[in-house]
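Each remark here refers to the structure printed beneath this line.
First listed ligand is number 1; within each ligand, the first listed atom is number 1.
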Amino acid sequence: MANLYIIANWKMNLTLAESVDLARAVISNVKIKEPVKGKVIVCPSFPNLWAVADIIKENENIALGAQNVSDRPSGAYTGEVSAAMLANVGCKYVIVGHSERRQYFAETNNVIHDKVEQCLANKLTPIICVGETKEEREKGSAENVVKEQVKQALAGITLKDSLLIIAYEPIWAISPGAPASSVEVEPMKSVIEKSLSEIFTPEQIRQCAIVYGGSVDANNVSEFVGPGRMNGVLVGKDSLSAEDFSDLVTKAIALYE
Ligand code: PGA
């Protein structure tokens, strides 16, 4: 598996033409070479996946991800998109349980669990987002909230040869909030690792990566990634500019060279 994942969450932004242009720019700017095992994952909106897949094709360093998936396999669920459909258009990754989905679309830990199952059944790597609110951090319950989110999302799940990514995204740090600092992020990495060790075998844990998300940019990326730190970052706002995002990726890669 890669030691560095940089995930671009384009959220509900960009037209078809803009998505294609940005994907082209990312491909031409991002060069990842040994010894760095890095993966850039771009996550456009549903209607633009197919066109971006066609641009990425078999690129070794850049992969396609979706921002959401249905918790059901198929059927009369108007407006939903299944994991099989995403795999079929070339997705390899899916963001699951983003805080914006939990907050605005009432996604519960149970629904997120079923989405993870759908991803794994269709050979998609779920990027499971967890993170506490500002109030939960102030109350001192951040660690328990995250532990519970990880535990419920993965209850009864076994990893065969699939990968799994956990994205720690404290809700208060997502832009326009201010980024967390390594002082807040590093202890949460241990909390997540401990939760995973209660669910998976050591072998399966080696198939898991933990990334950080929340106001990451080229200036602060070194705070979160690098040998011994998180395995990557999930980037929203800064991933919408080819120049800023390429700068961020270049700086992150340099930390491993
Ligand atoms: P941000 O978004 O980088 O704009 O804070 C991160 C996310 O919500 O995934």
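When each of Ile128, Leu159, Asn109 is paired with Leu154, the side-chain contact (heavy atoms from CB on, under 4.5 Å) condition holds for Ile128 and for no other. Here the rule is side-chain contact (heavy atoms from CB on, under 4.5 Å) with Val40, and of Asn29, Ile7, Val30 only Val30 fits it.
With hydrogens and angles ignored, the 3.5 Å screen pairs no side-chain donor or acceptor of Tyr93 with any backbone N or O of Ala63.
Of all atoms in ligand 1, numbered sequentially from 1 with element shown, those under 4.0 Å from a heavy atom of Lys237 are 1 (P), 3 (O), 4 (O). Of all the atoms in ligand 1, the ones that sit under 4.0 Å from a non-hydrogen atom of Asn9 are 9 (O). Of all the atoms in ligand 1, the ones that sit under 4.0 Å from a non-hydrogen atom of Gly214 are 5 (O). For ligand 1, the atoms lying closer than 4.0 Å to a non-hydrogen atom of Leu234 are 9 (O).
Taking distance alone, with nitrogen or oxygen atoms compared against 3.5 Å, Lys11 approaches ligand 1 more closely than that limit.
Judged by the shortest distance from any of its heavy atoms, Gly213 lies outside the 4.0 Å radius around the atoms of ligand 1. Ligand 1 is approached by Ile174 to a heavy-atom distance shorter than 4.0 Å.
Annotation: atom 3 (O) of ligand 1 to nearest protein heavy atom, Gly236 N, 2.8 Å. Nearest to atom 9 (O) of ligand 1 among the protein's heavy atoms is Glu169 OE2, 2.8 Å. Of the protein's non-hydrogen atoms, the one nearest atom 1 (P) of ligand 1 is Ser175 OG, 3.2 Å.
Note: Ser190 OG to Ile192 CD1 = 9.0 Å, rounded to the nearest 0.5 Å.
Glu60 has no carboxylate O lying under 4.0 Å from a charged side-chain N of Lys39, or vice versa, which leaves the two without a salt bridge.
Remark: Asp114 pairs with Asp71, Glu117 by the side-chain contact (heavy atoms from CB on, under 4.5 Å) rule, at least two apart or across chains. Listed by chain and number, the residues in a side-chain contact (heavy atoms from CB on, under 4.5 Å) with Arg137 are Glu132, Ala142, Tyr168, Trp172, Glu184, Met188 (sequence neighbours excluded).
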